[in-house]
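If you're wondering where the values come from, they're calculated on a predicted model, not measured in any experiment. Atoms within each ligand, like the ligands themselves, are counted from 1 in listed order. Quick note: residue numbers are just sequence positions, from 1.
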Amino acid sequence: MHTDKGFSHQFTEALLQWNRTENHRQMPWKGEKDPYKIWLSEIILQQTRVEQGLKYYERFIKTFPTIQDLAAAPDQQVFKLWEGLGYYSRCKNLLEAARFIANDLQGVFPNQYEDILKLKGVGSYTAAAIASFAFNQPYAVLDGNVFRVLARIYDIEEPIDTTNGKKNFSRLAGLQLSREQPGIYNQAIMDFGATICKPFPECAACFFSDRCEAFLQGKQLLLPVKEKKIAVKERWFNYVVLQHKNVIAIKKRASRDIWQNLYEFPLIETSGPASLKEIHLQLEKGFGFSHHDVIFKKEIFETKQRLTHQVINFSFYQAETCEVKDIPGFIWVGWEELNHYPFPKTLQEYIINN
Ligand code: SF4
């Protein structure tokens, strides 16, 4: 990663230049200096897409042109106007903050970052946006767009969703900020992330591609990194291939679990690797076989299968029964007929190889 000041300066300058000449992203609150309107737009956009938030913003500004108008409105009217936006705690906080400003601050919106941050429902991102857009104070915004842009131009593999990652990105965002034009810079980097350095970036149209670390290494789609991946569940499937002479016990999977409607052998699922003794015991308890009814013939065969959110550990036990026992849900079919039934991939492979 570049640590020299020259690199961050180059990006900031190039970004501001792009913003002056090529950034055509239009939004009604862009260039707005009224902190009330900026605050309103930011709260609406907290969990809402721009296209959806736009009409709500316009309706709110039309109905409540000033913060005093909003503060004086009955709860019901404000909630009705918010209807359809979801996350109603935002609306509750909006009203509480508007009434606090109208009553306790004589209707004057706070003009210092620390005071803005104290308003109900305002976090560090929103406070930085208001402080920089309305009051030109040097606070860098750090939203999903900014994380993505910084991770790529500097090639940072540190996860953005850890405490340390957030702290380091926040420090870097502060270093990158234009001290002379913090509001314009903040809006520009978010516009750049939303229109060029998107999740699938348009590097061919990017003014910084000759210096972007991720692009130069072909890593742009791998960044930013998140630590919290979707948990992969590990499972242990122990199949007992019960055979009597030439027939095998199989059953259709009916539960809403994986492989619904495919066939399988008697299954004993355990929470970890199981011993032969445990399998014997479960075969007795679950399928009604007594200890002498079944003879385990062969060493177990083990394999693994990875699914999107699961890893299945398979163990197959071949066992001979003394009779064709009636097991609820099971049918007994000949080995050669097994290919008429659909089986999950690993079971199919097992059948072919045995
Ligand atoms: S070159 Fe591509 S990845 Fe790098 S900043 Fe530009 S758009 Fe983003």
Do the ring centers of Y185 and F192 come within less than 6.0 Å of each other?
no
of all protein heavy atoms, closest to atom 6 (Fe) of ligand 1 is C206 SG, 2.3 Å
Does the Lys NZ or Arg CZ of K325 fall within the cation-pi geometry relative to F289 - under 6.0 Å from the ring centre and within 45° of the axis?
yes
Specify the protein heavy atom at minimum distance from atom 8 (Fe) of ligand 1: its residue, its atom name, and the distance to 0.1 Å.
C197 SG, 2.4 Å
Ring centres under 6.0 angstrom apart (Y154, F7)
yes
Counting only heavy atoms not in R179, do more than 12 fall under 6.0 Å of its CZ?
yes
Under 4.0 Å between heavy atoms, the region of F215 that gets near ligand 1 turns out to be side chain
Should you measure from each heavy atom of Q220, which atoms of ligand 1 turn up under 4.0 Å away?
3 (S)
Under 4.0 Å between heavy atoms, the region of S209 that gets near ligand 1 turns out to be both
Check for a donor-acceptor pair, side chain of R152 on one end and backbone N or O of Q220 on the other, with a separation under 3.5 Å.
yes
Atom 4 (Fe) of ligand 1 sits nearest the protein heavy atom C212 SG, 2.4 Å
Which is it for I153 and ligand 1 at heavy atoms under 4.0 Å: side chain, backbone, both or neither?
side chain
Is it the case that the ring center of F109 lies less than 6.0 angstrom away from the ring center of Y36?
no
For R152, atoms of ligand 1 separated by under 4.0 Å from a heavy atom:
3 (S)
Could you check whether E42 pairs with R90 (Lys NZ or Arg NE/NH1/NH2 to Asp/Glu carboxylate O, under 4.0 Å)?
no
For atom 2 (Fe) of ligand 1, the closest protein heavy atom turns out to be C203 SG, 2.3 Å
